[in-house]
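The next block holds one structure in the form of structure tokens; read it before the comments.
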Amino acid sequence: MRQRVALVAWSALVLALAAVPVADSYRSPWTVALLALAALVPFGLVALGLALGVRRWAVAVAGVALGGAGAMVVLDSAVGPVPSWRTSPALEALGPLLDAVPRLLTAPRPAPTTPDLLAPALLLVWLVALVVALVVVPSRAARAAPLVGAAVLYAAGALLSAGRADRHGVLAVVLVLVVAAGWTLLPGRDAPAHGQGRSVALPLAATTVAAAFALVAGALPATEPFEPRAHVPPPQLPADASNPVPEVAAWNLDPDRALLAVHPGAQPLPERLALATLADFDGAAWTLDARLRAVGVVDTPLLADGARRAGSDLTVVLEQLHGVWLPSAGTTTAVDGAEVLMDVDTGSLVLPGGAAPGLTIHLTGERDAPTEEEVARAGVPPAAEAGRYLELPRLPEELRAEAAAITAGAGSRLEQALAIEAAVRAGRTHDLAAQSGSSYGRLMEFLFLPPEEAGQVGTAEQFSGAFAVLARSVGLPTRLVVGLDLARAAEDGTADGGVTVRGRHATIWAEVYFAGAGWVPFAPTPDESTTTPPQAVEEEPEEAGAEEPTGAASSPPEQRTAAPGSEESAASTGAPVALVVTGVAGGAVLLVLLALLGLRLVRRRRWQRAGAPGAWAQVLDALTLAGRPAGPGDTAPDVVATLDPSVREEALLLAARAEAAAFAPVADGPAGRGTSAEDWRTARAVERSLRRTQHRPSRLWWWFTPRVWRR
């Protein structure tokens with residue numbers, strides 16, 4: 001019974017350890033205790049069911065039903081029915097459960113410890129532990145069930161955290177060592193037949209190699225770890241997410257309308273806030289094919305952030321701003337006050353429930369903040385990387401020729417952008433009541449027709465739209481931004497440095513992406529100040545050689561240091577790290593071997609001091625090491641029957657003396673003959689005879705294997 005309890009406790013411990021990476025994907029430390037409980041309770045459930053005489057299949061059905069029902073109750077109370085499943089009445093009740101994993105993978109990382117996000121992890125641990133318990137509890141051996149279950153949970157935690165839960169492989173090493181200890185010290189699958197034994201050399205060697213591999217793999221630099229969140233379809237824009245471009249003209253025509261108030265936090269307010277960033281142009285209008293995620297979810301935008309970033313910390317109080325769009329400054333990393341989704345590529349924020357007067361939201365994040373020097377020497381990424389921001393379907397040749405003429409004398413990518421900005425501004429009039437539209441036809445009217453034919457006059461939509469199209473035609477990645485000019489709103493400033501944003505402060509501008517510098521705003525609309533480059537941080541950039549201006553396939557600025565996961569970084573640091581970690585792993589293996597050898601020497605010394613019983617114990621150890629362990633009911637003649645004839649008779653006499661010394665120390669006969677030294681010489685002779693029958697690797701492993709501790 002003690003062995004059975006130890007076996008079950010070891011299996012539960014293995015699963016509880018393997019669930020730690022899953023718990024690390026949540027914010028609360030209490031998640032570890034909850035998942036450990038989910039790993040332990042199924043063992044008690046299975047043991048209770050089998051003790052009551054319930055068949056194993058019935059216990060399995062009851063366990064699955066109990067776990068599934070508990071998860072469904074929690075999910076149904078937390079999120080309610082999932083609309084996408086209502087079309088199938090048979091699946092309507094299972095909707096929350098079927099949607100649990102996608103909901104978890106679209107949550108921030110680490111995920112909030114809420115019932116709806118914790119339920120799928122608890123259910124996974126419960127089901128894995130239930131399967132392992134059904135194998136282990138009624139059996140006399142664990143076999144490979146705990147290892148398989150641990151591998152499933154550890155892999156789930158690694159996927160959920162994108163490999164960040166056990167960065168250095170420490171938990172993997174501990175897990176492997178615990179599994180090895182269980183395999184070595186706990187009972188085998190069955191009682192071994194006479195003369196046969198199950199060698200532990202192979203599993204112990206395998207676990208040692210696995211531990212060393214886990215340690216090395218955890219310390220080596222990794223690039224682009226697999227991120228399962230990137231393969232989960234993101235939520236779609238709400239149906240009422242209208243294009244905000246036409247709304248700008250309406251807001252401008254109602255100049256005193258209070259849209260919202262903005263208050264600074266730990267960081268000063270930026271010069272502008274983006275309401276919606278439109279990255280897609282089809283020749284007729286600017287739109288956003290949003291890839292929405294919960295704020296805080298780790299995902300990779302199409303174009304990387306700039307090397308120099310500035311913090312953003314502000315509070316937005318909505319007043320007469322309607323719709324689903326929420327102002328932001330760059331990439332938002334945390335939101336407090338409402339449920340908010342963010343487009344990964346543009347940073348645009350969406351309120352799924354819509355805006356409401358008085359709603360107060362606190363936003364923190366980062367934005368690109370390059371210096372003028374960094375922008376001036378920056379190129380642009382290759383067209384293969386920035387294709388979304390260069391698309392110009394069916395571009396009229398007149399616009400292409402106009403852009404080429406404007407930028408003919410430019411010596412850098414920044415000069416090209418500034419030339420287009422100046423050319424679009426020059427000689428044209430900003431009229432809030434001008435005809436709207438961003439199609440090729442409207443832009444050509446705006447650029448080429450005379451004023452008497454409705455040309456040369458436009459709103460911020462035409463000025464910025466023309467700039468973005470002309471810039472794209474010469475290879476500059478651009479996007480259109482509908483936003484709020486906080487610099488002009490400073491006239492309505494408050495005591496704490498906040499501002500009230502009114503209808504006249506709404507505008508549209510364009511942004512150009514420079515490799516290594518990030519997105520830089522341009523304001524081609526007259527009467528609006530250009531902000532090139534954006535507000536920069538105080539630190540000076542590192543010294544570096546200036547990069548020569550190139551074409552559309554320019555590389556990022558050279559002053560940008562290699563990222564820790566880049567190929568350049570891996571090439572310079574990967575080999576030394578691998579050598580160091582391999583040395584550390586080798587040293588750890590050597591220490592383990594020395595510890596095993598020391599324990600064996602202590603055991604042998606104890607047997608040597610114990611006289612005939614100790615010498616006979618040494619013979620039994622040697623038989624176990626040779627794969628011929630004595631069975632529970634074997635007598636001394638049965639035990640020595642498989643020995644070499646040269647030592648068989650002496651071993652039989654030694655057994656008699658050991659038995660006499662243990663049970664009748666004053667008896668005459670064979671037990672009274674011999675000394676401790678002679679008994680030990682006999683035991684050594686038997687050991688040498690058995691060791692000679694082993695293969696060469698087994699002879700070496702003879703001195704280290706802990707197999708004798710199972711005897």
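Since the structure is predicted, the reported quantities are computational estimates derived from the model, not experimental observations.
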| message | Donor-acceptor pair, distance only, cut-off 3.5 Å: does the side chain of R56 make one with the backbone of L134? | response | yes
| Side-chain (R367) to main-chain (G311) donor-acceptor, under 3.5 angstrom | yes
| task | Please tell me if the side chains of L130 and V64 come closer than 4.5 Å, counting only heavy atoms from C-beta onward. | result | yes
| message | Strictly distance-based, threshold 3.5 Å: is any side-chain N or O of T113 a donor or acceptor partner for the main-chain N or O of S28? | response | yes
| request: Check step by step if side-chain contact (heavy atoms from CB on, under 4.5 Å) holds for L122 and L34. | output: CA-CA 8 Å; L122 288 172; L34 292 176; 4.2 Å; yes
| query | Which atom names give the shortest non-hydrogen contact between P629 and T624, and what distance separates them? | reply | CB-OG1, 4.0 Å
| Trace of the side-chain contact (heavy atoms from CB on, under 4.5 Å) decision for V128 with L153 | CA-CA 8 Å; V128 171; L153 294 181; 3.9 Å; yes
| Atom of P21, atom of A158 and distance for their closest heavy-atom approach | CB-N, 4.5 Å
| said: With heavy-atom distances below 4.5 Å as the criterion, would you say the side chains of L260 and P327 are in contact? | reply: yes
| task | Return yes if some donor-acceptor pair links the side-chain N/O of D368 with the main-chain N/O of G518 below 3.5 Å, else return no. | result | no
| remark: CG of L341 to CZ of R291, rounded to nearest 0.5 Å, is 13.5 Å
| message | Salt bridge check, R479 against D280: does any charged N sit closer than 4.0 Å to a carboxylate O? | response | no
| query | Is there a side-chain contact between L363 and T333 (heavy atoms, below 4.5 Å)? | reply | no
| said: On a heavy-atom basis, which atom in L321 and which in A355 lie closest, and how many Å separate them? | reply: O-CB, 3.3 Å
| request: Check E339 against L351 and note the closest heavy-atom contact, atom names and distance. | output: O-CD2, 3.8 Å
| task | Determine, stepwise, if the pair V132 / L15 fulfils side-chain contact (heavy atoms from CB on, under 4.5 Å). | result | CA-CA 9 Å; V132 175; L15 295 185; 3.9 Å; yes
| said: To check you understand the geometry: which heavy-atom pair defines the closest contact between L17 and L171, and what is its length? | reply: O-CD2, 3.6 Å
| request: Before giving the answer on salt bridge (Lys or Arg N to Asp or Glu O under 4.0 Å), spell out for R388 and D345 the whole-Å C-alpha distance, their side-chain angles and the decisive distance to 0.1 Å. | output: CA-CA 10 Å; R388 179 184 186 183; D345 287 319; 3.0 Å; yes
| task | Could you pull out all residues at least two apart from E366 that satisfy salt bridge (Lys or Arg N to Asp or Glu O under 4.0 Å)? | result | R309
| query | At what distance, to the nearest 0.5 angstrom, does CG of L175 lie from OH of Y154? | reply | 8.0 Å
| Side-chain touch V137/F43, heavy atoms, less than 4.5 angstrom | yes
| message | Using side-chain heavy atoms (C-beta onward) and a distance below 4.5 Å, is L45 in contact with W126? | response | yes
| message | Would you compute the distance between atom CG of L349 and atom CG of L275 and round it to the nearest 0.5 angstrom? | response | 9.5 Å
| task | Working to the nearest 0.5 Å, report the span between CH2 of W30 and CG of L118. | result | 14.0 Å
| note | Separation between OG (S25) and CG (L35), nearest 0.5 Å, reads 9.5 Å
| query | Can you tell me if W325 uses its side chain to pair, donor with acceptor, with the backbone of N243 under 3.5 Å? | reply | no
| task | Using a 4.5 Å cut-off on heavy atoms from C-beta on, say whether the side chain of V317 contacts that of H263. | result | yes
| With the threshold set at 4.0 Å, does a side-chain nitrogen-carboxylate oxygen contact exist between D621 and R603? | yes
| said: Applying side-chain contact (heavy atoms from CB on, under 4.5 Å) to L625 and L623, what does each step give before you reach the verdict? | reply: CA-CA 5 Å; L625 295 176; L623 286 167; over 6 Å; no
| Would you say the side-chain atoms of Y26 pair up with the backbone N or O of T114, donor to acceptor, closer than 3.5 Å? | no
| field | Nearest heavy atoms of I361 and A338, plus distance in Å | value | CD1-CB, 3.8 Å
| said: Please report the interatomic distance CE(M342) to CG(L326), rounded to the nearest 0.5 Å. | reply: 12.0 Å
| task | Classify the side-chain pair D343/T346 by whether it contains a donor and acceptor separated by less than 3.5 Å. | result | yes
| said: Side chains of L314 and L273, heavy atoms from C-beta outward: is any pair under 4.5 Å? | reply: yes
| Heavy-atom side-chain proximity of Q267 to S312 below 4.5 angstrom | no
